[in-house]
Amino acid sequence: MIYLMRHGADPVDRYGGWSEYGLTEVGRSQVNSAKHKLLGKGITGIYSSDLNRAKETAEIVADVLFLKITYLPQFREVNNGLLAGMKKVEAVEKYPGKYFRTLDWAETWPEGESPEQFFCRIKSAWYNFKKKGWKQKCVIGHSWRSN
């Protein structure tokens, strides 16, 4: 069994992607409420994206499970380049119509990656992860898509 967990809430007025913003108070509360659901599942390892909001989530979970965290940068959210951490109102002005769902398959975010590059990175990371004895693990990441 692999348990997948998305990080708690982060700032809603900013783009996520490869931003360095952490969790909001609501996000920390969400994770503190959810962490107890992982007790008694026999989880033997925690793996997390290395972006701050996922790291904070993993630290909260690791505290209750008494486990070490292994950070996996290959499980980061889509690299949205120049929009990472940018206020959404500013992004609409500078990059009108730039949303993950509007990008062509091979079209990149400004100085970021394309949906195709993102898909290939996550697919490769997932297959490599599963090859290394993945049973009873918890993976903490993102929704692995972006607006």
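The first residue in the sequence is number 1, and the count goes up from there. All figures in this text were calculated on a predicted structure; none of them were measured in a lab.
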Would you please indicate yes or no on a ring centroid separation below 6.0 angstrom for Y47 and F129? yes
Would you compute the distance between atom NE2 of H7 and atom CD1 of I140 and round it to the nearest 0.5 angstrom? 11.0 Å
What are the two closest heavy atoms between A34 and M5, and how far apart are they? CB-CE, 3.8 Å
Can you find a pair of side-chain heavy atoms, one from L38 and one from Y3, that are under 4.5 Å apart? yes
Going hydrophobic residue to hydrophobic residue with side-chain gaps under 4.5 angstrom, can you get from L39 over to V31? yes
Main chain of N80, side chain of W18: is a donor-acceptor contact present, judged purely on distance under 3.5 Å? no
SG on C138 to CD1 on I46, rounded to 0.5 Å: 6.0 Å
Got a salt bridge between E25 and R28, using NZ or NE/NH1/NH2 to carboxylate O under 4.0 Å? yes
Sidechain N-carboxylate O distance under 4.0 Å for R53, E20: no
Checking Y95 against W109 for the side-chain contact (heavy atoms from CB on, under 4.5 Å) test, could you report, in this order, the C-alpha distance in whole Å, the side-chain angles of both residues, the deciding distance, and whether it holds? CA-CA 10 Å; Y95 306 101; W109 284 98; over 6 Å; no
Side-chain donor/acceptor of E59 to backbone N/O of E56, under 3.5 Å: no
Provide the closest heavy-atom pair for A54 versus S48 in the form atom of the first, atom of the second, distance. O-OG, 3.3 Å
State whether Y71 and K55 meet the cation-pi test: NZ (Lys) or CZ (Arg) under 6.0 Å from the six-membered ring centroid, and within 45° of the perpendicular axis. yes
Minimal non-hydrogen separation, Q74 against I122, with atom names: O-CD1, 3.6 Å
Given 3.5 Å as the limit, does a donor-acceptor pair link the side chain of S124 with the main chain of C120, or not? no
Gap between atom NE2 of H36 and atom CG of L65 - 0.5 Å precision: 10.0 Å
So, does T108 use its side chain to make a donor-acceptor pair with the main chain of P110 at under 3.5 Å? no
For the pair D13 and K88, find out whether any cationic side-chain nitrogen is under 4.0 Å from an anionic carboxylate oxygen. no
Please tell me if the side chains of N52 and Y21 come closer than 4.5 Å, counting only heavy atoms from C-beta onward. no
Reported OG-to-CG distance for the pair S19 and D10, which is rounded to 0.5 angstrom: 6.5 Å
May I ask you to check if R121 and F118 form a cation-pi contact, with NZ or CZ under 6.0 angstrom from the six-membered ring centre and within 45° of the axis? no
Spacing of CD1 belonging to I60 relative to CG belonging to N32, to within rounding of 0.5 Å: 5.0 Å
Can you confirm whether more than 12 heavy atoms, excluding those of E116, are under 6.0 Å from its CD atom? yes
Take M86 and K94 through the side-chain contact (heavy atoms from CB on, under 4.5 Å) test and state the conclusion after the steps. CA-CA 10 Å; M86 185 180 287; K94 288 184 175 181; 4.2 Å; yes
If we ignore hydrogens and angles and just use 3.5 Å, is the side chain of T24 paired with the main-chain N or O of A9 as donor and acceptor? yes
Tell me whether the rings of W105 and F119 are parallel (<30°), tilted (30 to 60°) or perpendicular (>60°). tilted
Closest approach of L83 to A91 (non-hydrogen atoms, all atoms of both residues): CD2-CB, 3.8 Å
What's the separation between atom CZ in R6 and atom CG in L4, rounded to the nearest 0.5 Å? 13.0 Å
For residues V61 and V26: do they belong to one hydrophobic cluster (side chain heavy atoms under 4.5 Å, members Ile, Leu, Val, Met, Phe, Trp, Tyr)? no
Main-chain N/O of G81 paired with N79 side-chain donor or acceptor, under 3.5 Å: yes
Would you check if V78 and Q117 make a side-chain contact, meaning some heavy-atom pair closer than 4.5 Å? no
Got a salt bridge between R14 and E90, using NZ or NE/NH1/NH2 to carboxylate O under 4.0 Å? no
So, does T57 use its side chain to make a donor-acceptor pair with the main chain of G8 at under 3.5 Å? yes
Hey, does K137 have a side-chain heavy atom less than 4.5 Å from the side chain of K130? no
Take R76 and S49 through the side-chain contact (heavy atoms from CB on, under 4.5 Å) test and state the conclusion after the steps. CA-CA 5 Å; R76 285 181 170 198; S49 158; 3.9 Å; yes
Is there a side-chain contact (heavy atoms from CB on, under 4.5 Å) between K41 and M1 once you walk through the steps? CA-CA 9 Å; K41 303 290 184 189; M1 178 70 70; over 6 Å; no
